[in-house]
Enquirer: 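Encoded as structure tokens, here's the structure I'll be asking about.
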Protein chains: 2
Amino acid sequence: MSLTDLESKLRDRSLKCTPQRLEILKALHEAPAHPSADTVYRIVQGRFPSVSLATVYKTLDTLVEIGEIRIALVSEGKTLYDTRMSNHHHFLCRCCGHVEDVDIQLDCMENCLPQVMGKYHQVERSEVVFHGVCQKCFQPEI
Amino acid sequence: MSLTDLESKLRDRSLKCTPQRLEILKALHEAPAHPSADTVYRIVQGRFPSVSLATVYKTLDTLVEIGEIRIALVSEGKTLYDTRMSNHHHFLCRCCGHVEDVDIQLDCMENCLPQVMGKYHQVERSEVVFHGVCQKCFQPEI
DNA sequence: TATTAAATAAGAACTATTATTGTTTAGAAT
DNA sequence: ATTCTAAACAATAATAGTTCTTATTTAATA
């Protein structure tokens, strides 16, 4: 998250450290977890109204490429991003599309991974998606 | 997969067993694994040219609802379907978007699942997505 | 300060998907 | 077998998320 970190990551690839990029990264961290491009765009708009949606999309791509953020998953046709880069999993509600972090340690997965996939593919990470119905949708308040 | 199976599933919900639906289901099984709506549409076109793309989408929805097929995952903006209903996982290539089945038994996941999620959500299934680079993209033939 | 490759804003274009509407049809009832 | 009706259909318009294009601006280096 640190800006120095970002700056050096950008510099290493001879990418420019623009105010738009900084603002978009800031917005990503201020947004509720797993924001969409549109969510980020709205937050940025508040402080930097000249930023275009296309720039937000382009910057999100760039941030994913340099490893500052990740794509959490795609829900209801929208790409949702994640600023948490550490290993964790997700719960996805099939009713409202809401995504929640699931913090469980699945050692077995990491353990069996190399032997199963090693010879055939370069596996970079693995993630579990739990599908179901979130509490809100399951027990809506009357 | 059996048509009798499909017919009864449809009848149970008072849905009609139309030739379009049968043809689309057939196409799903003839298609390479994890076809998109468009892939299915093209196959159906060959034998049943009057079928519209909208009908394919609607039917895929219906087939998911009645549990004949699943959504495997969303890759590169396209929803990919799966005729394999038994528990398995997927490998997704970040270069070409190719999806492969991963047949490993992750008991730990099923085991820890109820205690972790039980109180908070209705979890219906869980699936691992392995992200990486497939062999073709990793070692392209010269 | 001048230079230049990269980034930007604006908005058109594209693509997957969904909605609308008028017509047809599967399957139940007669 | 014929009639009936809700459901499904084809055609196509509409929508939404995302990407592309182009002319302009700017960060960072020389």
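Chain letters run A, B, ... following the sequence lines, proteins first and then strands; every chain starts at 1.
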Enquirer: So where does chain B start and stop touching DNA chain C, 5' to 3', when the test is distance under 4.0 Å to a non-hydrogen atom?
Expert: C:dA16 to C:dG27
Enquirer: Got a sec, which hydrophobics cluster with A:Val74, joining ILVMFWY side chains under 4.5 Å apart, including via others?
Expert: B:Val74
Enquirer: Does any donor atom in the side chain of B:Thr55 or B:Ser52 lie under 3.5 Å from an acceptor atom in the other side chain?
Expert: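 Indeed, the side chains of B:Thr55 and B:Ser52 share at least one donor-acceptor pair under 3.5 Å.
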Enquirer: Residues in side chain to side chain donor-acceptor pair (under 3.5 Å) with A:Arg13, at least two apart?
Expert: none
Enquirer: Using a 4.0 Å heavy-atom cut-off across all strands, classify B:Pro49 as base, sugar-phosphate, or nothing.
Expert: nothing
Enquirer: Taking heavy atoms of chain B and a 4.0 Å limit, find me the 5'-most and 3'-most nucleotide of DNA chain D within that range.
Expert: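 So the contact region on DNA chain D extends D:dA6 to D:dT12.
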Enquirer: I need the residues from residues 35-47 of chain B with at least one non-hydrogen atom less than 4.0 Å from DNA chain D; give them sorted by number, or say none.
Expert: none
Enquirer: For DNA chain D, which residues in residues 50-64 of chain A have a heavy atom at a distance below 4.0 Å?
Expert: A:Leu53, A:Ala54, A:Tyr57
Enquirer: Looking at every strand, decide which applies to A:Lys78 at a 4.0 Å heavy-atom threshold: base, sugar-phosphate, or nothing.
Expert: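 Sugar-phosphate: the residue A:Lys78, judged by heavy atoms under 4.0 Å, touches backbone atoms but no base.
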Enquirer: Are A:Glu100 and B:His121 close enough that some pair of their side-chain heavy atoms sits under 4.5 Å apart?
Expert: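 A:Glu100 reaches B:His121 side chain to side chain.
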Enquirer: Without placing hydrogens or testing angles, list every side-chain donor-acceptor pair under 3.5 Å for residues 76-83 of chain B, not counting sequence neighbours.
Expert:
residue, atom, partner, partner atom, Å
B:Asp82, OD1, B:Arg84, N, 3.0
B:Asp82, OD2, B:His88, NE2, 3.1
B:Asp82, OD2, B:His90, NE2, 3.0

Enquirer: Taking only residues at least two apart or on different chains, which pairs with a member in residues 40-78 of chain A satisfy ring pair (Phe, Tyr, Trp, His ring centres under 6.0 Å)?
Expert: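 Non-adjacent pairs meeting ring pair (Phe, Tyr, Trp, His ring centres under 6.0 Å): zero.
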Enquirer: Can you list the residues that meet the side chain to side chain contact (heavy atoms under 4.5 Å, CB included) rule with A:Asp107, with sequence neighbours excluded?
Expert: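 A:Asp107: side chain to side chain contact (heavy atoms under 4.5 Å, CB included) contacts with A:Gln105, A:Asn111.
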Enquirer: Applying side chain to side chain contact (heavy atoms under 4.5 Å, CB included), can you list everything that pairs with A:Thr18, at least two apart in sequence or on another chain?
Expert: A:Lys16, A:Gln20, A:Arg21
Enquirer: To the nearest 10 degrees, how far apart in direction are the end axes of the helix from C:dT1-D:dA30 to C:dT30-D:dA1, each fit to five base pairs?
Expert: 30°
Enquirer: Indicate whether any N or O donor in one side chain lies under 3.5 Å from an N or O acceptor in the other, for A:Ser36 and A:Thr39.
Expert: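 Short answer, yes.
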Enquirer: A:Asp38: what forms a side chain to side chain donor-acceptor pair (under 3.5 Å) with it, not counting sequence neighbours?
Expert: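 Testing A:Asp38 for side chain to side chain donor-acceptor pair (under 3.5 Å), a comparison that skips the adjacent residues, returns A:Arg42.
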Enquirer: For A:Lys26 and A:Glu30, run salt bridge (Lys or Arg N to Asp or Glu O under 4.0 Å): C-alpha distance rounded to whole Å, both residues' side-chain angles, the deciding distance at 0.1 Å, then the answer.
Expert: CA-CA 6 Å; A:Lys26 235 169 76 185; A:Glu30 287 172 21; 5.0 Å; no
Enquirer: In terms of side-chain heavy atoms, does B:Asp103 have a donor or acceptor partner in B:His89 at a distance below 3.5 Å?
Expert: no
